[in-house]
Structures are given as C-alpha cells and as structure tokens.
Amino acid sequence: MSLKIALFGITREIVGTSVIELPAPAPATVGALLDELRKQYPALGELRSCAVAVNNEYASNDQALHTVDAIALIPPVAGG
Amino acid sequence: MSLKIALFGITREIVGTSVIELPAPAPATVGALLDELRKQYPALGELRSCAVAVNNEYASNDQALHTVDAIALIPPVAGG
Amino acid sequence: MTPHLSITDQPIDVAAALAAVQTETAGAVNSFIGTVRNQSGGRPVRRLHYESYDSMALTQLGHVVAQAYEKWPMLQEVAVVHRKGTLALGDVAVVVAVATPHRAESFAACQYIIDTLKQVVTIWKREEYEDGTEWVAAHP
Amino acid sequence: MTPHLSITDQPIDVAAALAAVQTETAGAVNSFIGTVRNQSGGRPVRRLHYESYDSMALTQLGHVVAQAYEKWPMLQEVAVVHRKGTLALGDVAVVVAVATPHRAESFAACQYIIDTLKQVVTIWKREEYEDGTEWVAAHP
C-alpha cells in the first residue's frame, strides 16, 4: 500500500515537490507517517508545527491512513 | 438679557418651533433655564433626559448662560 | 491621520469611507455599518427619519474620535459618516471605519466609537410604523 | 443564511462582500478587512504571496462559520473572501463580513471568525523583503 501526500508552503519547498508518494508506514497511522517524513526530511522537524490532514480535516496521530485518503502535510498556517 | 434656544427632535415638537427666545432666568444658569422651560412645557419633564448644550458642548446645571451663547435643548440622542 | 467625519443627507458611499482609511502602514481595517431594520422591538418599521444638530454632532464626534486615539495610540485612520433625513429599509445610516496596524485594536476602537457615538452625538431618530411615529429613546 | 465563502486569485470586491450580508432584518454589519502592510516585525515588505489548500481551507472555513452560528444564534449573514497568489502593498488579503440584528454580536462574531480563520484555515503566507523571503510563522 502506498500513500500520496500533498505538500504546501514551506513543506513543499523542503521536500522539493508538491506531491510525494511513499510506501505506507507500519502501522499506517498519521503518527508513523510523520515520523517517517521527519526521518527523510529532517528540516520538517524544525517547523513550529506540522500537522497532517486527512480528507480536509486535521487528523490525530493515531488516525489510520488508507490509499484512497487525501493526505496533506499542514505546516503552520498564516492566512488573514 | 434674552436667550435663544435651539430645539431638535421631540423637544422641537413639544415646543412647536425650532428656536425659542426667552428672557434669561435669574440666575442665568443652565439649571434655571431647564426649570423655566419645564414649567412652560411640562411635556419636557416626561422625557428620559433633557440636557442643555452651550456652544456645542454638554453643559452642567451651574453653567452660566450669555446672550451670545449657542444654546440648545438636547433630548435623548439616538444616532447610529 | 485627520479623521474623516461627516453628516450627510445623501446616500452614504461605504466604499469611499473604507478607502479613506486604508493605508500601507495599517493592515487591519474594521468597519461597522448600521442599516435600517424592518422592525424595532417587534414592531414593523416602514422608514426612519434622522434629525441632526450638525455643528454639535461633529464637535462631539471629534471628541469621541480623539478619545479613541488616546485609548489606542496605534490607531491610524478613522472615518465616520452619519446619514440624516429620511431613510428607507436597508439604507445605510452610519459607517464607522478604523485602520490600525494590528487586528484586535481595530475591533476595539471601532466598537468604542460606535458605542460612544450613540451616547453623545446629537442625532435623533424617528421611526415610522404602520400606525404612527416615535422618537426613539425619548421616553423612559 | 448560507454563508458566502470563497478563496480567489482575483482582487477582492469588498463592496460585493458587504452587499452580500446586508438585509432588512439585520441592522448591524461588522466587517474586517486585512490588507498588505509595508512592514512586518520592523522589516520592510515588498509584496506577499498566499498559497492555499483550497478544498481544506473551505472545509475549515465552513467549520469556523458553523461554530460562529452556534455561538451567536442571532447571527444572520456571513461572507468570507480570502485572496491567494501574489499581492502588492495595500491589496486586500481577506474580508470577513457579518450581519446581526444587534451591534455587539456583529463585532464579536466577526472577530471570532477572523481570529479562528487565522488558526485553522490552510492558507500560507510568504513575505518578500528586499533581501529574501520567509514563510510567515513557519519556524519557532
């Protein structure tokens, strides 16, 4: 199983692309995905925060991930 | 000495004109003027409040009045 | 930073009032627009009439705005326009617009100005109903 | 009472957003307009770039507005328009406009919406200075 992750703002710049595809971590949870991404891209760990969104909603670390989910990394927002 | 008093809103309707001229009360103060006007026009006493303005500023009861002053009765305001 | 204060018998140009306060140094603009409601205390309103003692209203409005500048020293631009005369339902009766560098102060200053305006500015409102008229707030 | 929520890469029509919330039943309209300031933390800003994750931004904005309707049941109309793309100094970045029958609630609801929008809506801001760029709030 693989996951596609959409990237925005500074996370897009850190990773260098607007979408990455990764093998699902084990377990396939938000927390495990964040751990994996921080290992591959240490600069993500320097952000003030980095949330994961699943299907347009903020997700908790223990939320399970599926191939069909719209997954995105959400660095600190700054609208307004 | 006489005083001209400008009237607005409900005080204009109560008195029936937009300016009245009165002999200055003795003493010629805001408080004495209000007493005199309430005597002549008892409906003024039924208002929630009735202030006196002198030269575009709210005046206290003991303020002295002069012929040259721009005097006005100020019933409860309701702008906005 | 001279405030734009006016009382007019013409329809209020809201966009102009907002444009008057926008600057490149103040990123936050808060505005309050008061419009004529179709009811008052449950009673259907047909239209309104505002009467103004203009010279005093502008003097008092100047005091209100000066107080706001004292309370919020970061306050940059202020515009207040009040309509007078006969207004139909939905017409704009008043616009207050303020610009500050930061957001919270724009809300606080705008609210202070409209709240205080209603207490001291010499403008009177007569509501017209199906069956009569009333000077608002005149009686206890 | 369906809120007007949008994210656009075109200049924001402030007058249209205000008109969208005005009704004859709600006499109080409060609006917040955020514009591009010429400095940020003392550093001169040349221009801004907003990036948006539109589908999530609109979802989250919908939640924010729904929360406002819960907190202020008298809240009638709401419009929120956020710009994205490249903005020059003075450009309007965001407009929030709300209409309520009474004044105090229009201020409170508008402030709640803009404050909460800034916390949860997935829009990112990159400031451009004379000597570089920075994603705002990204780092501690």
Side-chain angles (χ1 to χ4, degrees), chain B residues 3-22 29-31 33-35 37-80, chain C residues 5-8 12 32-37 40-41 45 48-64 80-85 87 92-96 110-127 132-140:
Chain B
L3 303 174
K4 274 188 195 160
I5 298 123
L7 302 164
F8 298 94
I10 195 165
T11 62
R12 182 173 42 72
E13 290 189 354
I14 288 170
V15 175
T17 175
S18 56
V19 184
I20 46 170
E21 189 159 358
L22 292 179
T29 62
V30 164
L33 174 66
L34 274 172
D35 288 344
L37 287 167
R38 287 202 192 100
K39 203 184 302 173
Q40 291 190 31
Y41 306 96
L44 294 176
E46 294 162 17
L47 299 178
R48 195 162 56 81
S49 69
C50 190
V52 170
V54 178
N55 302 325
N56 295 327
E57 301 289 357
Y58 289 95
S60 60
N61 273 346
D62 58 1
Q63 187 165 333
L65 298 170
H66 310 92
T67 301
V68 295
D69 288 334
I71 303 169
L73 278 193
I74 310 293
V77 299
Chain C
L5 310 179
S6 68
I7 295 165
T8 177
I12 293 178
F32 177 81
I33 303 170
T35 64
V36 179
R37 289 176 68 198
S40 172
V45 170
L48 286 190
H49 187 83
Y50 281 104
E51 179 170 334
S52 165
Y53 177 15
D54 284 357
S55 66
M56 182 164 174
L58 290 169
T59 299
Q60 297 301 319
L61 197 47
H63 294 339
V64 172
V80 181
V81 186
H82 203 299
R83 179 97 179 263
K84 63 179 179 177
L87 279 71
V92 175
V94 64
V95 175
V96 178
C110 186
Q111 191 160 17
Y112 175 81
I113 291 170
I114 184 67
D115 285 355
T116 314
L117 178 159
K118 283 174 169 269
Q119 291 164 18
V120 302
V121 171
T122 49
I123 293 177
W124 297 274
K125 175 160 65 176
R126 194 183 65 217
E127 291 177 343
T133 70
E134 194 171 298
W135 288 99
V136 174
H139 293 103

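Each chain gets a letter, A, B and so on, in the order the sequences are listed, and its residues count up from 1.
Heavy-atom pairs under 4.5 Å with chain C were tallied for B/Glu46, B/Arg48, B/Arg12, B/Glu57; the largest tally goes to B/Arg48. Among C/Lys84, C/His82, C/Arg126, C/Arg83, the residue with the largest count of heavy-atom pairs under 4.5 Å with chain B is C/His82. For the set C/Thr59, C/Ile114, C/Val80, C/Val95, the entry with the most heavy-atom pairs within less than 4.5 Å of chain B is C/Thr59. In terms of non-hydrogen atom pairs under 4.5 Å with chain B, the most contact-rich of C/His49, C/His63, C/Gln119 is C/His63.
Interface residue B/Glu13: only side-chain heavy atoms are found under 4.5 Å from chain C. Contacts of C/Val136 with chain B are made by both backbone and side-chain atoms, with heavy-atom separations under 4.5 Å. Heavy atoms closer than 4.5 Å to chain B are found in both the backbone and the side chain of C/Trp124.
Side chains of C/Leu117 and C/Leu61 form a contact here, defined as non-hydrogen atoms less than 4.5 Å apart.
A donor-acceptor contact shorter than 3.5 Å is absent between the side chain of B/Gln63 and the backbone of B/Val30. A donor-acceptor pair under 3.5 Å is absent between the side-chain atoms of B/Tyr41 and the main chain of B/Thr11, judged by distance alone. Formation of a donor-acceptor pair under 3.5 Å by the C/Thr122 side chain with backbone atoms of C/Tyr53 is found in this model.
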- Message: The test is side chain to side chain contact (heavy atoms under 4.5 Å, CB included); show your working for B/Leu22 and B/Gln40 and say whether it passes.
- Response: CA-CA 11 Å; B/Leu22 292 179; B/Gln40 291 190 31; 3.8 Å; yes
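Taking both residues in full, the closest heavy atoms of C/Leu87 and C/Val92 are given as CD2-O, 3.7 Å, listed atom of the first, atom of the second, then distance.
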